[in-house]
Amino acid sequence: MADLIAAMRALKYPEEKLQVLLLLEEDDDVTIAAADAAGVGDVVTVLLVPPADPRTKPKACNYGLHFSTGEIVTIYDAEDHPDPLQLRRVVAAFDRLPDNTACVQAKLAFHNGTQNLLTAWFTADYALWFGFILPGLMRSDSPIPLGGTSNHLRRSVLDEIGSWDPFNVTEDADLGVRIAESGYRTAVLDSTTLEEANSDPINWIRQRSRWYKGYLQTWLVHMRRPVGLWRGLGAVGFFRFTALMAGTPLIACLNMAFWLISLAWIMGQPQVIRDEFPAYVYFPALVSLIFGNVAVLYMNLIACRERRNSALLIAGLTTPLYWVMMSIAAIKGTYQLIRNPSYWEKTFHGLSAPNGSKPAESSAADATGPTR
Amino acid sequence: MRPTRWLFWGCTALYVVIGLYLSVGHGFLMGDALSRVSAARSVLFSRDPHLAAIGFVFTPLTAVVQLPTVLLSQWWSGLTSWGVTGVVMSAPFMAGAVVQIFKIGTDRRCPMWLVWTVTALFALNPMIVFYGGNGMSEAPFLLMMCWATRRLIRWCTTDDIHDLVAVAVALGLAYLTRYDALAAGLAVTVFVFATTLLRQGWKNKRELLFPATMDAVLVALPTGVAFLAWAATSWLITGEALQQFSSTYGNSSILEQSGGGSTDTSYALVFSIAETVVLGPVLPLLIPIVSVLAWRRRDLEVVAAGVVLASVIAFATLSYMRGLTFPFLRFYICALPWMAVLAFQLVPAGGALVERRHGPHGYARRVSVGSRSVPAVLAVALVVLTPVATGALMVSPALSGQQYALESIVFPAPADTSDKRRTERRIIASFSTERELAEHIDAMHLPEGSVLMDTVYGFAVYTATRDPRTFVIPSDQDFTSIVNRPADHGVQYVLAVPNVGRGESDAVNRRYPTLYETGADIATLELEIPNDGQDQPTWRLYRIL
């Protein structure tokens, strides 16, 4: 709570134009008590979200949106450390960018990248995604899955195209697609919000499996009307949407199968595999295996260097182990999509606290705020 | 059209024309070039077409690049028999190297007349012209080395990741062209590590090693991956990781079989220096002058160029001194671009570079004060006669064993019957006997898989035949069982070479050591074909009993 207060106090923005809402679940007594004890009320307005299904972050965000008064709505997670000038930069960016810009996404990075190998992988992952891939996608006019936090939205656009889908577990990705589909654009802002990277493998898998599930969910939701989607996004945008939303989780699942096939091939060269991989499949596969994997690993290293974070070298070189965890998360997420589509895998935060304080369970809705 | 386009296409056309004049016009072919063509042909048109037939003794780029043109040889086998696919491969690569030299000059902001003069002297150097048109791996190798040099020079100023990655990719591709690139890869990695480390300073101790290590890893990774992937693929397919060193077809074995390696270390050193001077006659002057200037100007770019190009020359020298390789002039070919780059570097660097993204240690290059035309004139005065000097020394059998026969093409003297001229004519006639032999076998209209031979000498037959499927060659996956029981598998003839020298590595000789002399009780002599070529074997065609 002290971190939250400090982060909100640090924001440099005219007070009379800033409204910060802290969304807490009404039955989350522990967190409410902690907020009261810390005196959060001095900095933000605490808003209690009625305890009703679906108990997801997007539902809470929608609830919060009713009480917000600003022209620009921003989502931050409670544990974020946004760049203090970020809000001003966003306003400047909206002024400068074309009128059809619906959303400005800030870059995300982690403050605990050196805590352990997992947080280092996660940081390298984000360095590539927010530093290079998202800006590239932005230039290409394709749908951008928003980053969950630090996305700054025009209120008027939200009113027009609808806010968050309360049943979607990656509501940010869903909203990003809806923005593109409605002819609006998303821009990436060169201002960084520091988040806490997940430092526990089980916790990480829960979080990542939710993301994969949400991506697939988003793809399924928008593919209900494929023709309309095609018209909205265009052929290339449609392809990119599918590659990103369905491709990311499905390929992560398939990876496991292909790794096991490769392993079996190296161990015993079984005839079944020999039959399934004639030369015209085998050699392209071999090229993909070597050049594809190395290219991604190489890009990770480049991203770390370019973000001036060369200390992630070892994480970059061992990324393939991180891919194994991604694959496990993808399989879990896909399975859960079938069994329990709107279940929100909660992510525990506060694991990086240096004083060893007990991890706090974040509520499904962390914080929406500041709205302007 | 931009000047570099003119330069590229002009040089390509020049090298293709000269290459065709030498190969199709005079039949002067390089064995190593033709054997790459043969490897590419066996991938596509052997009895058992498969990519692994490309072979693992040499790294594959030179042959792989020829696959599309070799594909056309099914309609005109002249493409392979005259090594035309090789000419068409090496010409654009060498033209690319010329363009890189040009760009090194413009990057340094040398006066344009100097850039054009040095580029032209490089492009028209007889060694460059010959290797631009003869289908050898030197052309792609030189392109990669010049590209790596140019980008490493840029990186010294920009610290731009794009430059560093380009160096890395060029070195990785260079490894896939020639093994010598490993030396450059190692030297560049050390240089990049040391440079970033020194630039980082001691201000942040915890971070100290990471940025330098990161840059070193980034520049070394493609070469490392190329090395490991090539070794692993070789191991998966043939059971041997490093065939160049372990296989009976590799350099080590060839040296053992046919000699040619050096035994005297100091002689080898002198020889290597002489070879370097043949290609870069003014290097002994340029190196000290430019080194002193670089020291006074604090010009790291001079070191960068030396690191890439001199490391390859040093590697060739060391391996020849240790008796691991041959006394070939072409192993020192990096002396040529080095001389060109040093000529540019006599002139002080000036002006900003166009870059994609400035790195953490990039800096704006100062516009130098002082005269630029005096050193430019000196540079031209030094290098202007070097192509003539190299050309004159290239006809020496001692210094230029693989090239001196060119003398008889460029300055024909039919009346001259000296030993040297006779040998030159025999060298030029190499592989003509193999072409006739292929024609003879084609005329026999044999069914598929009826002639057994090893491509160690047979590659020239294999490139010349109209129907490669007639031949059973070692890259066929059923080769071992066929060589054990040739008659049972429908083999009618065996093409045999003497079981001496490189013939010892011939797979048929290894299975039947007395075949060439006696027929080894499996075959009877049908035809003996004396060879017109220098150092080429007398062929014997045996009929299987």
Side-chain angles (χ1 to χ4, degrees), chain A residues 113-115 120 123-124 127-128 131-132 135-136 139 190 261-270 273-274 277-320, chain B residues 43-44 48-54 60 64 67 159-166 168-169 172-173 176 192-193 196-197 200 204 206-233 235-237 356-362 477:
Chain A
T114 49
Q115 189 185 347
T123 312
L128 181 59
F132 297 91
R139 279 195 201 173
D190 197 8
I261 292 174
S262 305
L263 195 66
W265 178 245
I266 290 168
M267 308 267 278
Q269 311 210 339
I273 299 178
R274 198 183 291 269
F277 286 81
Y280 58 88
V281 179
Y282 183 85
F283 284 104
L286 192 66
V287 169
S288 304
L289 174 78
I290 296 169
F291 290 100
N293 283 297
V294 172
V296 177
L297 192 147
Y298 201 57
M299 283 192 281
N300 258 306
L301 290 177
I302 291 173
C304 294
R305 180 198 194 259
E306 290 304 275
R307 303 286 281 181
R308 309 284 181 265
N309 205 347
S310 293
L312 297 175
L313 174 65
I314 293 164
L317 287 173
T318 51
T319 320
Chain B
V43 168
L44 295 171
D48 176 19
H50 61 295
L51 193 56
I54 204 97
V64 168
L67 287 176
D159 196 26
D160 183 348
I161 184 71
H162 296 88
D163 286 325
L164 194 64
V165 168
V169 170
L173 288 173
L176 293 179
V192 165
F193 178 81
T196 306
L197 191 67
Q200 179 75 13
N204 187 346
R206 199 177 62 82
E207 281 269 301
L208 184 66
L209 282 177
F210 280 119
T213 316
M214 175 66 91
D215 284 356
V217 167
L218 283 172
V219 83
L221 195 78
T223 309
V225 169
F227 176 80
L228 289 179
W230 182 242
T233 312
W235 174 76
L236 263 179
I237 292 172
R356 299 278 293 276
R357 190 165 54 235
H358 214 56
H361 301 297
Q477 286 162 80

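Here is how names work: the chains are called A, B, and so on, in the same order as the sequence lines, proteins then strands, and each is numbered from 1. All values below come from the heavy atoms of this structure, side chains included, with hydrogens, waters and symmetry mates left out.
- Of the atoms belonging to A:L286, it is side-chain heavy atoms, and not backbone ones, that fall under 4.5 Å from chain B.
- Neither the backbone nor the side chain of A:I266 comes within less than 4.5 Å of any heavy atom in chain B.
- Between the CG atom of A:L313 and the OG1 atom of B:T213 there is a distance of 6.5 Å, given to the nearest 0.5 Å.
- When side chains are defined from C-beta on, A:R308 does not count as touching B:P211, because their heavy atoms never get closer than 4.5 Å.
- Looking at B:H162, neither its backbone nor its side chain comes within 4.5 Å of chain A, counting heavy atoms on both sides.
- In this structure, A:D190 places its CG atom where only 12 or fewer heavy-atom neighbours from other residues, nucleotides or ligands lie under 6.0 Å away.
- Proximity to chain B is limited to the side chain of A:I290, based on heavy atoms less than 4.5 angstrom apart.
- In this structure, A:I273 places its CD1 atom where more than 12 heavy-atom neighbours from other residues, nucleotides or ligands lie under 6.0 Å away.
- Between the CG atom of B:L218 and the CZ atom of A:R305 there is a distance of 7.0 Å, given to the nearest 0.5 Å.
- Nearest heavy-atom pair, B:F210 versus A:A311, reported as atom, atom and distance to 0.1 Å: CG-CA, 3.6 Å.
- Rounding to the nearest 0.5 Å gives a distance of 7.5 Å between CG of A:L317 and CE of B:M214.
- A side-chain contact (heavy atoms from CB on, under 4.5 Å) with B:L51 holds for exactly one of A:F283, A:Y282, A:Y280; it is A:F283.
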